[in-house]
Structures are given as structure tokens and as C-alpha cells.
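Lettering follows sequence order; numbering is per chain, from 1.
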Number of protein chains: 4
Amino acid sequence: MKLEGVFPPVPTPFDSEGEILPHKLKSNIALWNQTGLHGYVILGSNGEAVMLTEYERVALWQAAREAIPRDKLFLVGAGMESTRASIALAQRAAEFGADAAMFVTPSYYKAEMKPAALINHYRVIADASPLPIIIYNMPVATGIDVDANTVIQLAQHPNIVGIKDSGGNVAKYADIVRAARPDFSVLAGSGGYLYPALCVGAQGAVAALANVAPRECVALYDAFRAGRHDEARALQLRFTPLNAAVTSRWNVPGLKAALEELNQGYYGGPPRLPLRPLGDEDRAALRKVMQEAGVI
Amino acid sequence: MKLEGVFPPVPTPFDSEGEILPHKLKSNIALWNQTGLHGYVILGSNGEAVMLTEYERVALWQAAREAIPRDKLFLVGAGMESTRASIALAQRAAEFGADAAMFVTPSYYKAEMKPAALINHYRVIADASPLPIIIYNMPVATGIDVDANTVIQLAQHPNIVGIKDSGGNVAKYADIVRAARPDFSVLAGSGGYLYPALCVGAQGAVAALANVAPRECVALYDAFRAGRHDEARALQLRFTPLNAAVTSRWNVPGLKAALEELNQGYYGGPPRLPLRPLGDEDRAALRKVMQEAGVI
Amino acid sequence: MKLEGVFPPVPTPFDSEGEILPHKLKSNIALWNQTGLHGYVILGSNGEAVMLTEYERVALWQAAREAIPRDKLFLVGAGMESTRASIALAQRAAEFGADAAMFVTPSYYKAEMKPAALINHYRVIADASPLPIIIYNMPVATGIDVDANTVIQLAQHPNIVGIKDSGGNVAKYADIVRAARPDFSVLAGSGGYLYPALCVGAQGAVAALANVAPRECVALYDAFRAGRHDEARALQLRFTPLNAAVTSRWNVPGLKAALEELNQGYYGGPPRLPLRPLGDEDRAALRKVMQEAGVI
Amino acid sequence: MKLEGVFPPVPTPFDSEGEILPHKLKSNIALWNQTGLHGYVILGSNGEAVMLTEYERVALWQAAREAIPRDKLFLVGAGMESTRASIALAQRAAEFGADAAMFVTPSYYKAEMKPAALINHYRVIADASPLPIIIYNMPVATGIDVDANTVIQLAQHPNIVGIKDSGGNVAKYADIVRAARPDFSVLAGSGGYLYPALCVGAQGAVAALANVAPRECVALYDAFRAGRHDEARALQLRFTPLNAAVTSRWNVPGLKAALEELNQGYYGGPPRLPLRPLGDEDRAALRKVMQEAGVI
């Protein structure tokens with residue numbers, strides 16, 4: 001498995017009652033399959049994983065497996081607050097054919113999540129997991145920002161293959177790239193800094209933006225790989241506002257609304273409470289951002 | 001139901017393999033029943049609720065119900081990241097005989113958890129829950145600090161009966177006491193400020209300290225109620241270091257170790273990973289704190 | 001010197017061009033002198049000290065000294081980013097007859113301001129200062145929250161006589177009261193928690209609220225000293241919103257506007273930029289808060 | 001004036017008594033003049049500006065002016081807490097021949113420093129300043145992180161020519177580059193992300209690293225300008241640890257020690273208290289970092 005390329009963290013389709021719609025996940029993936037994306041993250045932060053029961057998680061993975069071609073990576077979010085539940089979920093994901101599993105840092109007992117505790121947590125998972133594991137650093141959700149030294153130490157474990165880092169600190173990415181083993185992948189956690197992350201040696205990104213502008217994200221990635229820096233930079237600048245729209249500005253509700261506004265057959269639907277769908281005013285503002293980015 | 005008094009958030013007993021031990025929960029409660037405590041919180045933060053499966057939660061509630069006398073309050077932690085899962089858990093807790101349920105603020109999508117979203121979340125739960133509900137503010141774990149105005153608005157709902165606030169901001173407690181309906185209870189979230197919280201009108205506390213010094217916490221509460229302020233203050237000052245030991249300093253692992261060190265028959269046991277038991281050096285330091293507080 | 005009682009951190013009067021008005025400071029103090037306050041802090045945070053030149057500071061201290069009777073404490077803010085400048089200012093304050101000097105924690109090099117550096121900073125000042133010194137903890141301005149252990153260690157120095165702590169963490173106050181030498185004073189840094197701070201052993205407060213409700217703050221203090229807890233609590237609850245108005249809600253501009261709205265002869269005037277005076281809407285809201293608190 | 005290139009924020013030389021040594025500043029600059037640097041920042045954060053009196057600031061500027069050739073930019077830090085003091089300092093800097101002045105965000109009244117207040121502050125300065133002005137965003141010192149929209153609005157003022165942003169958020173740099181006028185410069189605030197910042201359109205950097213590795217920083221800049229991305233990336237990765245050593249890890253004391261360790265004639269000397277010189281152990285660790293980076 002080569003952990004590189006552009007991966008959308010796909011949203012979970014719910015109906016108006018809040019029930020999961022696995023067939024809509026499949027039809028969305030079928031559309032994304034035509035765009036050049038290198039794989040998918042099923043049940044990351046944008047998949048509202050923390051809102052789902054174990055039964056629902058499994059049903060969605062099963063549907064995803066049926067829709068994802070074997071030449072694209074099938075990554076799953078499997079991080080839970082306890083080490084044992086994380087391992088259990090990794091085992092379930094393996095049964096359902098995932099290629100690797102991402103584990104967000106536990107965060108409820110923040111004060112205890114010092115480097116030694118995190119290192120132990122990830123090593124125990126890595127020892128037990130039938131799947132290669134990816135560290136998932138998501139400070140805006142967890143209040144924890146895994147430092148470079150912790151990642152560099154964890155990168156020595158043969159079953160820990162990369163990190164998805166949504167902290168946006170590219171100096172840290174450079175630090176990890178410099179010191180970790182060569183085949184350890186750093187994936188940017190947002191499309192807002194995909195190009196500069198690649199510049200310092202990241203291998204790609206898990207980016208909400210890739211859900212709504214998949215071809216453009218792949219084009220940026222390809223331009224960088226081919227050494228066409230001006231083209232990569234231009235794409236990066238062009239998509240900065242749309243990236244913000246589906247992340248910091250309107251979050252998952254914005255991402256789901258944007259999928260609908262694309263009008264290309266993607267299913268968006270409502271988020272689960274306590275997240276709430278975009279109101280009309282925000283929806284209009286979102287459309288404007290999408291128009292300016294040239295995706296509608 | 002009168003939500004007042006001193007309530008320990010009891011830890012969840014695990015064996016050395018990490019399996020729950022409901023009978024140890026029962027035997028612990030049987031010991032606490034002799035101390036004058038006004039009730040219990042089963043599966044709060046100190047109960048490692050985020051580490052447990054739904055099956056385990058229910059098994060522990062069932063055991064607790066059998067051990068808790070009807071004249072003491074049986075409070076449960078039932079807060080989940082999604083509103084619907086929180087409601088589902090409240091319904092299960094009602095089936096198992098709980099008196100009221102506490103709901104920690106959802107926190108994964110922090111940026112979206114603005115007052116309007118939180119108000120909606122709690123109102124939807126309060127409408128649907130068969131049990132009276134208690135807001136649970138726990139900034140150190142969630143990164144969210146519910147403001148006084150949000151609480152005051154929520155206090156208008158007849159099924160929202162109180163708040164457990166672990167923020168320690170007694171000026172906020174005063175603000176809520178001043179503006180909320182008279183029978184809305186503010187419970188301090190730690191024994192570190194039980195007395196000053198009572199002074200400004202709080203009705204009691206959910207305090208980890210009450211697990212290891214139950215009689216003394218009740219004595220402080222009784223002294224305050226009887227107007228014996230000097231006695232209350234003296235108890236407050238005396239227990240400040242032990243309170244820190246089982247909260248900010250060593251957290252749940254410290255609480256479990258302290259129960260063992262009491263040597264009164266309480267079961268402590270290990271926490272679940274990623275939490276780790278106290279090492280020998282910390283254990284010795286804990287004993288010293290307990291000796292100085294006069295509990296061993 | 002007994003560091004106890006209620007002290008307003010008085011605002012600095014500026015004219016419409018931003019020039020200091022020492023005679024207005026004197027006339028304000030003359031009015032406060034009739035209210036029972038135990039002294040004054042000249043050039044604390046509410047005095048916009050960071051906005052002033054050394055020349056202006058000295059001119060204001062000189063004016064204050066002329067207006068403050070010898071039986072009230074004349075406290076000054078003298079904390080600067082460098083240790084040597086702090087000492088120099090303490091020496092100037094001594095020349096102008098101050099009784100003690102408060103030193104806010106240096107904060108520009110936050111990451112370096114670990115306990116050992118702060119302890120060294122305050123000890124060097126305490127050794128050199130001709131005046132008794134008071135630690136000033138102001139996390140909302142500095143981003144630094146001095147911990148209890150640091151304070152307890154500093155309290156061993158004979159020339160460090162107290163702390164003004166605006167963190168509002170009364171559990172920490174209790175910790176300091178328990179462990180520091182008996183004549184070390186803890187002063188609450190806000191009127192929002194004056195009563196609960198007294199309950200755990202604080203000796204008084206430096207409170208913006210005392211500028212606009214001096215008699216009531218003194219009444220609360222006296223009620224507590226006399227053991228009339230219900231009266232103290234009632235005053236505390238009554239003044240919570242007005243306290244917020246002149247601190248967290250509208251800050252120094254709110255405090256200056258409130259002095260004007262009292263209509264008792266106090267001079268308020270504009271703050272210095274970048275602070276801006278209250279607009280009409282906020283001014284009207286402030287008046288409402290003052291009416292509800294019964295001060296106008 | 002074209003605000004582009006690599007600028008060291010030079011440290012202020014003190015003797016062992018803490019007195020400024022303007023001639024050592026001159027001799028240091030004479031050495032740096034041979035390295036290809038594009039100019040200097042005199043009295044930024046690394047210049048311990050907050051520790052200095054106005055007299056000392058002027059003496060240091062005067063010395064710097066004598067040492068800096070006219071074909072290199074002479075930038076000064078002139079940000080004070082009050083708008084008027086900032087303007088006064090800008091005027092003094094103009095008298096002493098500076099080319100432009102940087103103004104760190106006021107931060108003492110953090111809660112009031114909302115976008116509207118900051119925009120007003122910078123506009124008033126820009127209107128009055130005889131020098132072009134540069135916004136200085138330094139969240140780690142100030143606790144304030146100026147957002148992209150605020151910068152974009154300020155960039156419309158003809159006398160606001162750029163921002164030095166030490167936040168390290170290159171996605172924000174991209175956002176500013178995209179929306180600000182073409183000749184508005186974004187300068188990275190650290191050598192830890194110089195290359196990725198250039199990639200998204202920044203014009204250079206004010207970097208502590210440039211004090212101790214001036215030729216290498218200029219080489220990175222030149223490599224980027226010439227399109228030699230692999231060389232730029234290699235330099236970036238190589239200098240990541242040394243950059244951390246003179247910023248986040250050991251701060252100004254580390255920078256001063258590193259200058260001494262270079263053994264090339266630069267004067268380091270002690271910082272002013274409360275900053276403290278590096279101890280022996282840290283000094284040895286610093287040497288190791290410098291050896292690994294190949295600068296000694």
C-alpha cells in the first residue's frame with residue numbers, strides 16, 4: 001500500500017429522519033470514482049463518525065467496500081476514546097475490507113494525553129490491528145495537537161504508516177518528513193494548504209475540499225508532481241475560499257450543502273443534530289463562493 | 001426530586017483484563033451507602049463513560065440500581081455526541097430506574113457548538129427524555145464552557161432541572177442562581193470549591209473527592225446548611241490538596257488508587273487504556289496527600 | 001500595613017485629545033474618599049497603565065498622593081515587561097509615597113514565563129523594591145495564570161505581601177490561603193466573586209465594581225466580616241450583572257461610561273485608542289444594568 | 001521600497017549589567033552585511049523591544065542606521081499598546097532614518113481587540129505615520145491572531161505595505177495573497193516555514209534563523225526565486241531543528257547563545273531578566289543542533 005494522493009473524507013448520507021442511507025454513499029462514491037481521486041476516507045470527522053452506532057459504522061463500510069474499486073485506497077476512521085474499542089473497530093474494518101485505519105487522538109481525558117500516553121495508545125493499537133494504522137491529529141476537534149517528536153517516535157513502528165494532520169502547521173510536517181522513515185506518509189488534513197504541504201514533502205491530503213472539487217484537487221496534486229509549481233499555486237489560491245466554506249466556515253453542514261449545490265447527482269442531506277443544516281442566507285453565500293471558485 | 005446534596009461520580013471497576021466488574025460497583029456503593037451521601041452519579045467522567053460500550057453501560061446501571069437505596073438519588077451520565085444517541089441513552093437509563101440523567105456538552109464539532117446549537121440540543125433532549133435532565137459543563141474535557149446566559153435560557157424548560165458545572169467559575173454560578181428559576185439546581189463539579197459554591201447559592205456538588213472522603217464532604221455540606229461557616233471553611237481548606245490529587249493532578253487513575261489506599265474495602269482497580277495506573281512514585285505521593293488530609 | 005479591604009483600580013482620566021487630567025483623578029478620589037473604601041490602586045489594568053508614559057505615570061501618582069488620606073492604602077501598578085524597569089518604577093512609586101506596588105506578570109515572552117522564571121523575577125524585584133510588593137495575576141490580559149505553588153513559594157519572601165488574582169479560581173485562592181504564611185493577603189481581582197473569595201479566606205478585593213458601587217462593595221465586605229452571610233450573598237447576586245458590565249462585557253470603556261452615568265460628579269471621559277468609547281446602544285444597555293442594580 | 005527578501009530580527013546586545021551596547025549592534029550588522037541579507041528588523045520581538053526604554057530604542061536605531069547600507073532595508077519595531085505611543089515611536093524612527101515600521105498588535109486589552117478595533121488602530125497609525133507601516137501578527141506573544149479578512153481590509157490603505165505573520169498558518173498567507181493588492185507583502189515570521197510560505201506567494205521572511213544562518217536563508221530564498229524547488233526544500237528540511245532552537249525551543253536566550261557559538265565575531269550576550277541565559281546543558285544541546293545543521 002502506498003499512502004499517497006488525494007482522499008476525500010466523505011460525508012455520511014442521512015435521510016430527513018436522521019437514518020443512514022448506505023445506498024446514497026454508494027452512489028456518491030460511484031460519481032467520485034470518475035474523478036481521479038486516489039481513494040476515500042469512510043467515517044472520518046466529515047463522516048460524522050462520532051454520531052454513529054457501531055452497527056451503522058459497519059453498514060456504511062460494507063456499502064463503501066462494494067463501491068470502491070480495488071485500485072483505490074479504502075481508508076476508515078476507527079479512533080475511539082478507549083484503546084480497546086479502537087482495536088475492536090480496526091478488526092471490524094479489516095473484516096469489511098478496509099486498506100488502513102485512521103485513529104483520531106483520544107481527547108476526553110485531555111490532561112492525561114501526554115506524549116507517553118499517546119505513544120503507548122498508538123503502539124498498542126498498531127501491535128493488535130490487522131490493518132496498517134494512520135495517526136489522526138485533529139486539534140480543532142480534540143483540543144490536542146500531537147507534537148512532531150511523538151509522531152517521529154511512532155513512525156518507527158512498522159504498522160504505523162502515516163499521519164493525517166489537520167493542524168495546518170506545515171513547519172511540523174517538514175519536521176516529520178525530515179526525521180521519520182522515508183515511507184512514512186504525511187497527509188495534509190485540509191485543502192487549504194495542500195500545495196505548501198506537498199512542497200515540504202507531504203504525500204497528499206485528506207481534504208473535505210476533495211469532495212466538492214475532486215478533479216481540481218487531483219489537478220493540483222498532479223501539477224505539483226510534474227513540477228508545474230505555478231499551476232499548483234494558482235489552483236491553491238483559487239480554492240482557498242471554497243475550502244474554508246466546507247471546513248472552518250460552515251463545517252459538515254456546509255460540505256453537505258455544497259454537494260447538493262454542485263447539482264451533479266451527489267447526495268448531501270442533513271447532518272445529525274446537534275449539527276444543523278445551513279439556513280437560506282448561508283446557503284446563498286455558499287453558492288456565491290462556489291460560483292467564484294468556478295465549480296458551479 | 002430535589003437535586004441537592006453531595007454526589008460522588010463513581011469510578012467504574014475493571015479487572016486486570018479491562019473487563020467491567022458490576023459486582024464491585026455494587027459492593028462499593030454498599031460501603032458509600034453508610035456515609036451520608038445524597039446519591040450517586042453512575043457513568044460520569046470519573047466513571048470512564050466514554051470508554052464503555054452501550055452493553056456495558058446498561059450492565060453497570062442495572063447493578064447500581066440494585067445497590068442504591070430509593071431514598072438516595074440515582075443520577076446517570078448519558079451525554080453522547082449526537083442528540084439522538086443521547087435521547088436513546090436517557091431512555092435506557094429510565095428503563096433501568098435512574099432518577100435523572102446528566103448530558104455533557106457535545107464537543108467534537110466545537111466550532112459549531114455555539115449557544116443556539118447547544119440550546120437546541122438540550123431542548124430536544126429535554127422534550128424527549130422520560131427523565132429530568134441535567135446539563136453537564138466540563139470544559140477541561142470538552143473545550144467548551146457553556147455560558148451563563150445559555151444556562152439561564154435552558155433553565156426555563158421544565159424538564160431541565162439543573163447543571164453540574166465543573167468549570168469552577170463561581171461568579172458564573174452566582175449569575176445562574178440569580179437569574180434561573182428557584183428550583184433549578186447548580187451543582188459544583190469538584191470538591192475544590194464546594195464551600196464557596198454553596199455560599200453563592202449552589203445546591204451541592206458532584207465531586208470526585210466525595211468518593212474518597214464521603215463523610216467529610218457531607219460534613220462540609222451540613223456545616224454550611226447549619227450556618228457553621230468556620231467549620232465549612234476549615235474542611236474546605238483541609239481537603240484542597242486531596243481534591244486536586246483525585247482530579248487535576250492524577251485524574252481517574254488517582255481516584256482509583258486513592259480508593260485502594262483507603263483500605264476500607266473499596267475496589268479501585270486499573271483504568272482503561274489510554275489511561276494508565278499510577279506508578280509507584282506517584283502512588284507514594286498520593287499516600288502522603290491522603291495522610292495529610294487525615295483520611296488514612 | 002494590613003493589606004485588606006476593598007480597593008478600586010481607578011481609571012485614568014483623559015480629555016478628548018487623550019491628555020491625562022490629574023486634577024480629575026484628584027476630584028474623583030475626593031468623592032470616593034467619602035464611601036468607606038480602604039484604599040486605591042492607581043495605574044492598574046483599569047488605569048490603562050500600559051497606555052501611559054513614565055512621565056504621565058508619575059504625574060498621576062503625585063496627584064493621587066495628594067488626594068488619598070494617610071489612613072487609606074495607596075497601591076500602585078508598577079509591573080513592566082523587564083525586571084529592571086519594574087524595579088525602577090517601584091522606586092519612583094516609593095518616592096511619590098505609595099504604600100505598596102503591584103506587578104503584573106511579564107507576558108510578552110510567554111513560553112519562557114515558567115514558574116522558575118516568574119519566581120526569580122518577583123524575588124529580584126522584592127529584594128530591590130523599597131515598597132512591599134504584590135503579585136498581580138491577570139490571565140485574561142497576559143495569557144499567563146500563575147499557579148498556586150508558585151505563589152506559595154513567593155509568599156515566603158518577607159517583602160512579598162500578597163497577590164491580586166483576577167483569575168477567579170477560588171479553589172486556587174483556598175489553596176494559597178491554606179499554605180501561605182498567615183499575613184500573606186489574597187485579594188480577589190473582581191467584584192464578581194468577592195463574597196465567595198472572602199469565604200475561603202481572601203482578605204478583600206481590587207475590583208472595578210468598587211469604582212461605581214463603592215458603598216455596596218464595602219457593605220458586602222462588612223457583612224461578611226460581621227458573619228451576616230445572607231446579606232453578603234444577596235449583595236453578591238445583586239451586583240453580578242453590573243460587575244460584568246464594567247469588566248468582561250464593556251471593560252474600561254464601560255467603567256468610564258458607568259462613572260459618568262452615576263451622575264454624582266465623577267469624571268469618566270474617553271479611553272485611549274485602541275480602546276474606544278461605548279456607542280449609544282451599549283450606553284443605553286449599560287444604563288439599564290445600572291438601574292437594575294439600583295445604583296442609578 | 002520593495003518589501004521582499006530575508007530579514008533577521010536582530011537581538012539587542014546587553015552587557016553583563018544589562019546595559020545596551022550600541023557598538024556591538026553595529027559590529028554585528030557589519031558582519032551580517034557580508035551575507036546577502038536584504039535588510040534588518042531593529043527592535044522586533046527578538047530585539048527585546050518590550051524591555052527597552054524609549055531612550056534606549058532611539059540609541060539603538062541611531063547605531064543601526066550608521067551600520068546599515070542604504071541598499072538594504074532598515075525596518076523597525078514600533079508597536080506599543082496605545083495608538084498614540086505607536087505613532088510617536090514611528091515618528092522617532094523616521095527621524096532616525098528607518099525605511100518602514102512594524103507594529104505588533106496591541107494585546108493587553110485582548111477581549112477588546114476585535115477586528116474593528118484593530119482596523120481602526122492600524123488605520124490611524126497609517127494615516128499619521130511618516131513611514132510605511134507593516135502589520136505584525138505574533139500570536140504566541142500576544143494571544144491575538146489577526147484574521148485574513150482584517151488584513152485584507154487593511155491592505156487597502158496605501159501606507160500599509162505588508163504583514164509579518166508569525167502565526168505560521170500558510171493557508172492564511174495564501175488567503176491574503178489571493179485577495180490583497182499585488183504589492184502588499186506577506187512576510188513569514190519564522191524560518192521554519194520560509195519555503196512553503198514563498199510557495200503560496202509570500203515575499204520573504206523576518207526570521208530569527210536568518211541571524212545565525214544568514215547565507216543559507218538567502219540561498220533558500222534565491223533557490224525558490226530561481227525555481228530550484230528541490231534545493232529550497234532540502235534547505236528547509238535541513239534547518240528545521242536549528243530554527244526551532246532559536247525560536248520555540250530556547251527563544252531569545254537561544255538566539256543569543258547561538259550567535260556566540262558561531263564563533264564568527266558576533267556578539268550575543270545575556271538577555272534581560274525575566275529572560276535568563278541558557279544553562280550549560282541547554283548550551284551543549286544547542287551546539288549539537290548547530291553541528292547537525294552544519295553551521296558550526
For D:Ser45, which atoms come within 4.5 Å of any heavy atom of chain C: side chain, backbone, both, or neither? both
Go through D:Glu48, D:Met80, D:Glu112 and name the one with the most non-hydrogen pairs under 4.5 angstrom from chain C. D:Glu112
Which one of D:Arg84, D:Met138, D:Lys110 has the most heavy-atom pairs closer than 4.5 Å to chain C? D:Arg84
Polar side-chain atom of D:Asn159 near backbone of D:Ala126 as donor-acceptor pair, under 3.5 Å: yes
Looking only at heavy atoms, which two atoms of C:Asp147 and C:Lys172 are closest? And how far apart? C-CD, 4.2 Å
Between D:Asn120, D:Val252, D:Val124, the one whose heavy-atom pairs under 4.5 Å with chain C are most numerous: D:Asn120
Under 3.5 Å donor-acceptor, C:Asp165 side chain and C:Tyr136 backbone: no
Is D:Val50 close to chain C through its backbone or its side chain, or both, or neither, when contacts mean heavy atoms under 4.5 Å? both
Report yes if some heavy atom in the side chain of C:Asn211 is under 4.5 Å from a heavy atom in the side chain of C:Pro9; otherwise report no. yes
Looking at D:Leu52, D:Val76, D:Val10, which one forms a side-chain contact (heavy atoms from CB on, under 4.5 Å) with D:Leu43? D:Leu52
Bottom line for D:Ala85: the part with an atom under 4.5 Å from chain C's heavy atoms is neither
Taking side chain as everything from C-beta outward and backbone as N, CA, C, O, which of these in C:Ala116 sits under 4.5 Å from a heavy atom of chain D? Side chain, backbone, both or neither. both
I'd like to know if C:Arg272 pairs up with D:Glu81 as an ion pair, taking the criterion as any Lys NZ or Arg NE/NH1/NH2 lying under 4.0 Å from an Asp or Glu carboxylate oxygen. no
So which residue, C:Ser248, C:Ala141, C:Pro106, ends up with the most heavy-atom pairs under 4.5 Å with chain D? C:Ala141
Which atoms of C:Tyr109 approach chain D - backbone, side chain, both or neither, heavy atom under 4.5 Å: side chain
Salt bridge (charged side-chain N to carboxylate O under 4.0 Å, His left out) between D:Glu54 and D:Arg57, intermediate numbers included: CA-CA 5 Å; D:Glu54 189 181 336; D:Arg57 289 175 198 248; over 6 Å; no
